[in-house]
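Input: a single structure, listed below in structure tokens.
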There are 2 protein chains.
Amino acid sequence: MPKVGMEPIRRQQLINATMAAIDEVGLAEATVMRIARHAGVSAGIISHYFCGKDGLLEATMRQILTDLTEAVAVRRHALEDDSPRAYIGAIIEGNFDRTQVTGPAAKTWLAFWASSMHKPMLQRLQNVNDRRLYSNLCHQFKRVMPHAEARNAARGLAAMIDGLWLRGALTPEGLNAVEARHLAHNYLDQLFAHHGCTKKASHVYR
Amino acid sequence: MPKVGMEPIRRQQLINATMAAIDEVGLAEATVMRIARHAGVSAGIISHYFCGKDGLLEATMRQILTDLTEAVAVRRHALEDDSPRAYIGAIIEGNFDRTQVTGPAAKTWLAFWASSMHKPMLQRLQNVNDRRLYSNLCHQFKRVMPHAEARNAARGLAAMIDGLWLRGALTPEGLNAVEARHLAHNYLDQLFAHHGCTKKASHVYR
DNA sequence: ATTTTTTTATTGAACGTTCAATCAATAAAA
DNA sequence: TTTTATTGATTGAACGTTCAATAAAAAAAT
């Protein structure tokens, strides 16, 4: 049913369908036909809008990274104080955002993580995102502790966040976002406490 | 060149070749022919010894899990005191063992992690291993802190270990085992210190 | 010590399947 | 009538598995 201006609609449909297919059967068996069926279109349309399957996969990863960045940005802008503790807290909250933690997105994320080891384009995307997270964390930690210590704190918290994500994606029941946030915030408190800052969390865990 | 008793030799060769192939081009492109070429044998031999490609992949994952278990066991038996701190330290050391952290093993590990989301057999293996790690950690933490707190500590440390692994596998330069162990041990120290004082951070620990 | 037979290990071409990409045909909207 | 969107059969490449053929070693026979 050809109408004009279908492009943005179809692109979004196909990206969503890609995540649904990966959630359902994994990246290895997410064929163009299965993805197309999920979107209710034919297989040929994928090459038309994304220049082939690889283009669609790349666009899907970009979407996930964009969503994550957006989730962090929203929380960052909602902050009332700009203390390091608050800023880093917003990063944690953004990383365990509902839309990110949901089944399809989480499994697609992990699938791309593994895939990015050998696909230069995905690796590049993953690296950019990674460095921004580390850089943001590092910058905030450096405001309250020596640089060497701040780097370790940033690496530790980044590992903790990724580890919680990973385990959440692998658990059949999915990630328990409440518990994950609790653990991440606790660790953050300990990082601050260890360094000697007595500022404690004003955060309320649900 | 047929000699008797080739089976254990070939099986090991093929398992090693599988890891090498996955390290080289990723799980998706680790074809039977590529694996066979790495081992210096023909493709047909894989079905002969492992009843098909899936059998070889399963055997490879089993090997990795066995190696990890062994690395932890060795360090556990070498302990002089059986304090919770020492025991958990051995788990950390075992998880960042040289043979595990090496390129091929680490990348294969991550590839299987992602794959296990949709392959029941791999998921089972991964789950058993996961639960044992958590159970061991939990048991030790419970010796020195309330049960609810011990469960959180175990979940946190497990996430930290997996997160360091994940980031190590994704980093082009590979995992910096020294740094990873340092971060994990630091976190462990903080978990113990945190428990020893009041819950909110109003003390300075050094 | 040779030769013959049996056993074991291995190969690689052939087969059937699956997949992504292509493109001429088609159908609706402009 | 022209433009835009979509289809789906077709194509060719790549994959895992199979199996008859082969070759070397081991065992048995001479």
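Proteins come first, then strands; the chains are lettered A, B, ... in the order of their sequence lines, and each starts at number 1.
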Tell me, which of residues 42-56 of chain B have any heavy atom that sits under 4.0 Å from an atom in DNA chain C?
Ser42(B), Gly44(B), Ile45(B), His48(B), Tyr49(B)
Between CG of Leu27(B) and P of dG16(D) the distance, given in whole Å, is 11 Å
For DNA chain C, which ranges pair as stems of 3 or more consecutive Watson-Crick or G-U pairs, with both donor-acceptor distances under 3.5 Å?
C:1-30 with D:1-30
Thr31(B) has its side chain closest, among dT10(C), dG16(D), dA20(C), to dG16(D)
Students often mix this up, so state it plainly: with edges at 30° and 60°, are the rings of Trp165(A) and Trp113(A) parallel, tilted or perpendicular?
perpendicular
Got a sec: does the NZ of Lys142(A) have more than 12 other heavy atoms crowding it under 6.0 Å?
yes
Could you state the CD-P distance from Glu58(A) to dA20(C), rounded to the nearest angstrom?
17 Å
Rounded to whole Å, the CE-P distance (Met6(A) to dT7(D)) equals 12 Å
Are Leu68(B) and Ile64(B) side-chain neighbours, meaning at least one heavy-atom pair lies under 4.5 Å?
no
With respect to the phosphate group of dC15(D), does any side-chain polar atom (N or O) of Arg34(B) fall under 4.0 Å of OP1 or OP2?
no
Do we see a donor-acceptor contact under 3.5 Å between the side chains of Gln12(B) and Asn16(B)?
yes
CG of Leu57(A) versus C1' of dC19(C): gap in Å, rounded?
14 Å
Rounded distance (Å) that lies between atom P of dT10(C) and atom CG of Leu14(B)
9 Å
With a 3.5 Å cut-off and no angle check, do the side chains of Asn129(A) and Arg132(A) form a donor-acceptor pair?
yes
Is any side-chain heavy atom of Leu133(B) closer than 4.5 Å to one of Ile91(B)?
yes
Whole angstrom value for the distance that separates P of dC15(D) from CD of Glu29(B)
8 Å
Calculate the interatomic distance between Met33(B) atom CE and dT10(C) atom C1'; express it in whole Å.
16 Å
Using the ring of each side chain (for Trp, its six-membered ring), is Phe141(B) parallel, tilted or perpendicular to Phe192(B), with breaks at 30° and 60°?
tilted
How about NE2 on His182(B), more than 12 heavy atoms from neighbouring residues, nucleotides or ligands closer than 6.0 Å, or not?
no
Is the shortest heavy-atom distance from the side chain of Tyr187(A) to the side chain of Met160(B) under 4.5 Å?
yes
